6 protein chains.
Amino acid sequence: MTKKDFTHLDKATGNPAMVDVGEKKLTQRFAKASCKVVLGKEIMQSLNDNSELITKKGPVFQTAIIAGTMGAKKTAELIPLCHPLGMDDCKVTIEAIGEEEILITCTTKVTGKTGVEMEAMTGASVAALTIYDMCKGFSHDILIKEVKLEEKTGGKRDFKR
Amino acid sequence: MTKKDFTHLDKATGNPAMVDVGEKKLTQRFAKASCKVVLGKEIMQSLNDNSELITKKGPVFQTAIIAGTMGAKKTAELIPLCHPLGMDDCKVTIEAIGEEEILITCTTKVTGKTGVEMEAMTGASVAALTIYDMCKGFSHDILIKEVKLEEKTGGKRDFKR
Amino acid sequence: MTKKDFTHLDKATGNPAMVDVGEKKLTQRFAKASCKVVLGKEIMQSLNDNSELITKKGPVFQTAIIAGTMGAKKTAELIPLCHPLGMDDCKVTIEAIGEEEILITCTTKVTGKTGVEMEAMTGASVAALTIYDMCKGFSHDILIKEVKLEEKTGGKRDFKR
Amino acid sequence: MTKKDFTHLDKATGNPAMVDVGEKKLTQRFAKASCKVVLGKEIMQSLNDNSELITKKGPVFQTAIIAGTMGAKKTAELIPLCHPLGMDDCKVTIEAIGEEEILITCTTKVTGKTGVEMEAMTGASVAALTIYDMCKGFSHDILIKEVKLEEKTGGKRDFKR
Amino acid sequence: MTKKDFTHLDKATGNPAMVDVGEKKLTQRFAKASCKVVLGKEIMQSLNDNSELITKKGPVFQTAIIAGTMGAKKTAELIPLCHPLGMDDCKVTIEAIGEEEILITCTTKVTGKTGVEMEAMTGASVAALTIYDMCKGFSHDILIKEVKLEEKTGGKRDFKR
Amino acid sequence: MTKKDFTHLDKATGNPAMVDVGEKKLTQRFAKASCKVVLGKEIMQSLNDNSELITKKGPVFQTAIIAGTMGAKKTAELIPLCHPLGMDDCKVTIEAIGEEEILITCTTKVTGKTGVEMEAMTGASVAALTIYDMCKGFSHDILIKEVKLEEKTGGKRDFKR
């Protein structure tokens, strides 16, 4: 059994270091992350008045979808030890969950030597921050909660929550 | 009383649009955001073994502090309708909260026409994503919970949670 | 009368060089650029079927508006000798002109030592390229024509077409 | 026959979305875009005095060539739904067309799952904006006209104007 | 007398941290950095054949000048704890020093709360790396030696070598 | 024997141009660059007091390691004619050399059509600039010297100093 460890700390020095993926094979990798944003009833009602919730589209949600997609592409710039990667696909979706919350999902795919879970996590986070930015004129009492990985496949170990 | 509204939607067309701050005065602005990350006992124990928790520094926390600071500087690139701003200060701190969680705090300052709350929120989020990236070798069962604004001053309305 | 010249070529060496604005005053500056894109009847009809033209919003136009706004913020990264600037405002609008074309307008404002006409030109161009990207599934016979400055105020010489 | 459609709109929701190229094969792809810039006789004469036109090089043209090449590399950062791609080659050329105009050409190559036509279009556009920036000390009566794709090969459908 | 210290380490925790310049005054700041690159006789001869050395311009030097200028603008993105700043001016010059070396100089100006010495150092370094990149087809036996600050004014303490 | 030449100048026009690597094979490539920074006894003593030198880690060195790694990932953005590349690995190490200097090493790996020597050179340079930035509170009499390529393998010609 492999001993679990901080993969981003160099064994010899303990300093932060990228993982060497030079010997790994190219495989098709997939990841899915999600995030909830608690907006409260007033903002949700305003989104509804603006047809965002019924149509699942509209200017607030679409701005967040685009920001999340562009944010996912910036992952290797933001996260110090992430490998620079291409991406085969990135999708962001947003929907209402009950009367006070929305659920953001970001899925990513790549054919590469390393996974795209950080890309999915980053895409979901940037979409959530964008929702926050666009709704903060109502209130700063908004909570981004539960950014988490839902699923990943194609690497050494698959993961599903 | 000002009617609350989506400040980032153009009144005439309903399309996404930056807020015009041309007539606003330069003021000293401050914001503070926080974020909790649930790592679980195994990772917390490993961080402890690595002296991260006692010293409040170490390679994992320091990488996250630097990533958060650099991420805060990238806010206007990530959030579509944020104004490009300088920054007078940005500080990221990380500490253990109980046996399973850490608390990330990001404070930002600017002398500008608009606030730095998105910078603080983005800095905290990128620090959290970096912690996730550096600990995911142990487990993907990590939860970024509760990214939220704690405080802002210097704008039209102060906010404190 | 000031002799007109290549302001971005160093007098002594003839090499490319930024203009020194150290002694210039901060003034409120405004610029407006426009761009026409010839899409042809088929794509225009499809945009119409998708309600983009009537509502002047929708996913294609909104993606272009956001890309144009974000592109304007990247001007100093793209144009080698542009000064890095903040921005007080940036608006992108898109509308149909007749049966085959759309008109993109980008307005920018800053309180600064130098103008924002390159920001307006860049914003309009990136919005146009985004429209192209989103419509090229129909045809590559799309023409971005007439990117031009419409107006600028606040500098040494105002300009209006 | 494939029904033409907005490839960047999600079939289910109508929201903007990247195209999934996960199942596509790597092929050698090529694209060529062009752009004309109407500078007028005075600027053209000054470029001539500066030997730019005869030698086809010089500080103005070379700055634009470099900006166009670097701009092409930034395509996936600028155009929201473009895939992040490597690039095997990117060339920008500039030449005089008659007494008032110049012609910018940008060619791009990649071995990838998706084409590089947006890279060629972006490279030509950024080169044109740079020419504009460097000549605007003479006059703002400069027109960037006819940014268009000239040719693409290596994808599902070749295109040649 | 002020005790000298690591200004980028937080007093309380010892962790890396930006310096708070919120209370500092805007002053006109200037910095000059230089860098020598040892190219060797063969490359210098080829630059000479290409007229780079006599004219002090040409494609190799101009590409480096532009890269250095654009690199200086990226300083706050590259150096983790640098404040994001505007810039009033940035000039890069290159000249031959004897038969084997060139000297790169980068001067920067800003009206700001903090200095632009890192911008000048970064500009000189990126210009040198670009020279290296463009000459490495001859030989990798090229040495970037002596990147250093020559002068700074406008802050708490002026410096001149 | 291949005639040596400026590989980044277009044969026909003499203008700067990317090298076309479309026909090259993917190979495993490695590069190693190094850089010395002369800090002087006072700063070295302070680093020692801070345990940086003994442990070879600590906030100054770790910040530089992270900046160097992130800087290496930005190479194609900084160096105009570099190809955009992924990276399989990037490691930065820092150690004391005698009483006044430190030695920075950056190694890079990719499976690609072109080498990663510019990435290694850029990583070492950005790490050095970061060290400079963090120590300049003591003195600006710091010298970045001898940025050079130590080794490269995997391309047409291997190199080892």
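In the text below, chain A, chain B and the rest are named by the order of the sequence lines, each starting its count at 1. All values below were derived from every heavy atom in this structure, side-chain atoms included, with hydrogens, water molecules and symmetry-related copies excluded. Not measured: the values here are computed from a predicted model.
- Enclosure of atom CD in D:Glu99 is not indicated, since only 12 or fewer non-hydrogen atoms of other residues, nucleotides or ligands lie within 6.0 angstrom.
- Within the 4.5 Å cutoff, no side-chain heavy atoms of D:Asp89 are placed close to those of F:Val19.
- Of the atoms belonging to F:Ile79, it is backbone heavy atoms, and not side-chain ones, that fall under 4.5 Å from chain D.
- The structure places NZ of D:Lys109 at 6.5 Å from CD of F:Glu23, a figure rounded to the nearest 0.5 Å.
- Between F:Glu77 and D:Met70, the closest side-chain pair of non-hydrogen atoms is not below 4.5 Å.
- Taking OG1 of F:Thr114 as the reference point, atom CG of D:Asp88 lies at 10.0 Å (rounded to 0.5 Å).
- Side-chain contact between D:Lys73 and F:His83: absent, with no pair of heavy atoms (C-beta onward) separated by less than 4.5 Å.
- The minimum heavy-atom distance between F:Pro80 and D:Thr69, with the atom names listed, is O-CG2, 4.0 Å.
- The OG1 atom of D:Thr93 sits 8.5 Å away from atom CG of F:Asp10, with the distance rounded to the nearest 0.5 Å.
- Proximity to chain D (any heavy atom under 4.5 Å) is restricted, for F:Leu78, to the backbone atoms N, CA, C and O.
- Although no hydrogens or angles enter the test, the distance criterion places a donor-acceptor pair under 3.5 Å between the side chain of D:Gln28 and the main chain of F:Gly22.
- Heavy-atom contacts from other residues, nucleotides or ligands closer than 6.0 Å to NZ of D:Lys11 number more than 12.
- Here the straight-line distance linking atom CG of D:Leu26 with atom CG of F:Leu26 works out to 9.0 Å at 0.5 Å rounding.
- Chain D forms the most heavy-atom pairs under 4.5 Å with one residue out of F:Gly112, F:Ala76, F:Ala17, and that residue is F:Ala76.
- Checking side-chain atoms of D:Lys91 against main-chain N and O of F:Met18 turns up a donor-acceptor pair under 3.5 Å.
- The environment of D:Lys32 atom NZ is sparse: at most 12 non-hydrogen atoms of other residues, nucleotides or ligands sit within 6.0 angstrom.
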